[in-house]
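Comments concern the structure below.
A quick note: this is a predicted structure, and the numbers were derived from the prediction, not measured.
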Amino acid sequence: ISRTLGISRKTVRHYLARFEGSGMSLEQLQALSDGELALLIFDHDQSVVVSDARYQQLSDLLPEMAKDLNNPKVTRQLLWEEYREHYPEGYGYTQFCHYLNQYTHRQQIRAMFEHHPAEVMQVDFAGSELHYVDAQTGQRIGCQVLVCVLPYSGMTFCIAMHSQKQQDFVDGLVRALEFFGGVPQSILTDNLKSSVSKASRYEPSFTGLMEQLALHYGFTLTATRVGKPRDKATVEGAVSIVYRRIYARLRQQEFNSLEQLNQAIEELLGSYNERRYQGREFSRKSLFDQ
C-alpha cells in the first residue's frame, strides 16, 4: 500500500488502526463518503461536538464565513463580532475560531502528484541572490540562482547567473540538460517573462527563443497556473534545501568571479545529490542512476 500510494508505512498503519478501531466492516467503510471517512480518520482524537442549538446556528453560517475570509480585509475577529451581535449567547472567540478553522481545513482538498522518471524537469529561480566581488573594481555583484529538479528522484541542479533575462535563462536550461545528461519529456516553469509571453490557465504562450529550444531538444514546454506554486511543489522545496545546503555553506566565502562561485556551487551540489535520503538506503544520485 505504501509503495502504490506513495505514502509512508507509518501513515498506512495509522489509517488501518483507525479503521479497525471503528468497529465497522469493510463493506460499511466502503459505503462511507469521503467526508465521513475524513471524520473517522482525522477527528478521532478531537473532542466530540455536542450538536446543540449554538453549534447548529454556527454550522449554518460557516460556509459564508469561509468565503468572507478570502477577502484580505475580513478577519476572524470581525466575523466573530458580527456573529455575537446576532447570537449574543453564542460561542466565545476561541471556540468560534476552532470550529471555523476545522471547517476551512476540510474544504482545502489537496492532490498528491505521482511522478515518473524523465517525465518533467521543474524549474524556478531562488528568491535570494548570491554574490561575488569583482577583482578589478571591488564591486559586489548580485547573481540570480536557477534551480532545476527531476521530481521522481529529486536529483537537483543549480547555477548562478547574472540575470533572469532570456539569454541567461536559456543558457541555464542548457547547462541543466548537460548536467542530467538527457532531456525530459517536458519542462515546467512558472510565468517568467523570459519564458512565457502570455500567461493562461490552459494554453500559455511561450517566447520564440523558448519555442526554438523546445523544438531543438524535443521537449514540451509547460507553465504553472498564475499564483499556484503547488503546481511545482518539488522545485519549491528544492529551493528551500538549496538555501540550507549551499547558500548557508557559502555565506562566509568570497569569490572574485561568476566562474569561481559556480565551481563552489558545483562541489556542494555534488555532495547534496550524493547524500542519502533520511531513513533511506539511497540518495538522489543513486535513484537517478538506477
Side-chain angles (χ1 to χ4, degrees), residues 7-8 10-11 14-15 18-19 21-22 32-113 122-129 147 164 188-193 196 198-204 222-244 247:
I7 59 180
S8 72
K10 182 178 179 181
T11 301
H14 168 76
Y15 291 163
R18 288 291 170 87
F19 290 148
S22 69
L32 296 177
S33 67
D34 287 350
E36 291 169 330
L37 278 172
L39 284 172
L40 180 65
I41 295 173
F42 299 114
D43 289 353
H44 185 78
D45 290 333
Q46 296 180 6
S47 57
V48 177
V49 175
V50 179
S51 185
D52 59 8
R54 288 191 307 170
Y55 182 73
Q56 191 57 50
Q57 290 167 349
L58 181 59
S59 295
D60 295 338
L61 299 172
L62 288 176
E64 192 62 34
M65 288 180 175
K67 290 182 182 178
D68 289 340
L69 278 179
N70 292 325
N71 185 336
K73 298 176 183 176
V74 176
T75 64
R76 284 172 172 76
Q77 180 72 32
L78 175 63
L79 292 175
W80 176 73
E81 291 173 358
E82 293 176 347
Y83 160 71
R84 287 299 293 263
E85 287 176 6
H86 290 90
Y87 302 98
E89 302 300 321
Y91 289 113
Y93 181 68
T94 301
Q95 196 72 359
F96 170 84
C97 289
H98 169 73
Y99 290 129
L100 180 56
N101 291 340
Q102 203 174 61
Y103 177 84
T104 55
H105 176 72
R106 289 174 190 163
Q107 309 311 306
Q108 295 172 355
I109 306 301
R110 299 285 181 261
M112 180 178 290
F113 288 107
Q122 295 184 5
V123 176
D124 198 11
F125 278 101
S128 301
E129 294 183 340
V147 180
Q164 294 188 19
L188 175 66
T189 71
D190 55 16
N191 292 273
L192 296 165
K193 290 183 179 180
V196 177
K198 183 179 180 181
S200 168
R201 183 181 181 89
Y202 303 106
E203 293 290 338
T222 56
T224 61
R225 295 168 295 170
V226 176
K228 299 292 183 180
R230 286 192 179 91
D231 287 355
K232 52 179 180 59
T234 306
V235 74
E236 294 281 343
V239 169
S240 297
I241 298 174
V242 164
Y243 286 150
R244 298 194 299 269
Y247 276 59

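Closest of all the heavy-atom pairs between Ala126 and Tyr247 is CB-OH, 3.5 Å. Residues Leu188 and Ala223 share a closest heavy-atom pair of CD1-C, 3.7 Å. In terms of heavy-atom proximity, Asp190 sits nearest to Thr224 at CA-OG1, 3.4 Å. Considering all non-hydrogen atoms of both residues, Leu69 and Val74 come closest at CD2-O, 4.2 Å. Closest approach of Ala66 to Tyr103, counting heavy atoms only: CB-CE2, 3.7 Å. In terms of heavy-atom proximity, Leu79 sits nearest to Met65 at CD1-O, 3.8 Å.
Checked by atom type and distance alone, the side chain of Tyr83 pairs as donor or acceptor with a backbone atom of Tyr91 at under 3.5 Å.
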Quick one, Val123 with Val235, criterion side-chain contact (heavy atoms from CB on, under 4.5 Å). Give me CA distance, side-chain angles, the key distance, then yes/no. CA-CA 6 Å; Val123 176; Val235 74; 5.8 Å; no

Is there a side-chain contact (heavy atoms from CB on, under 4.5 Å) between Leu58 and Tyr87? Walk through the geometry before answering. CA-CA 9 Å; Leu58 181 59; Tyr87 302 98; over 6 Å; no

Trace of the side-chain contact (heavy atoms from CB on, under 4.5 Å) decision for His98 with Thr94: CA-CA 6 Å; His98 169 73; Thr94 301; 5.8 Å; no

Assess whether side-chain contact (heavy atoms from CB on, under 4.5 Å) is satisfied between Asn101 and Arg76, documenting all intermediate values. CA-CA 10 Å; Asn101 291 340; Arg76 284 172 172 76; 3.0 Å; yes

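For the atom pair CG of Leu61 and CG of Leu100, the computed distance is 10.5 Å after rounding to the nearest 0.5 Å. The distance from atom CD of Glu81 to atom NE2 of His86, rounded to the nearest 0.5 Å, is 13.0 Å. To the nearest 0.5 angstrom, Thr75 atom OG1 is 11.0 Å from Asp68 atom CG. Atom CD of Glu203 and atom NZ of Lys198 lie 11.5 Å apart (nearest 0.5 Å). Between the CZ atom in Phe19 and the NE2 atom in His14 there is a gap of 9.0 Å [rounded to 0.5 Å].
Legend: residues meeting ring-ring contact (aromatic ring centres under 6.0 Å, His included) with Tyr93, ordered by chain and number and at least two apart, are Trp80.
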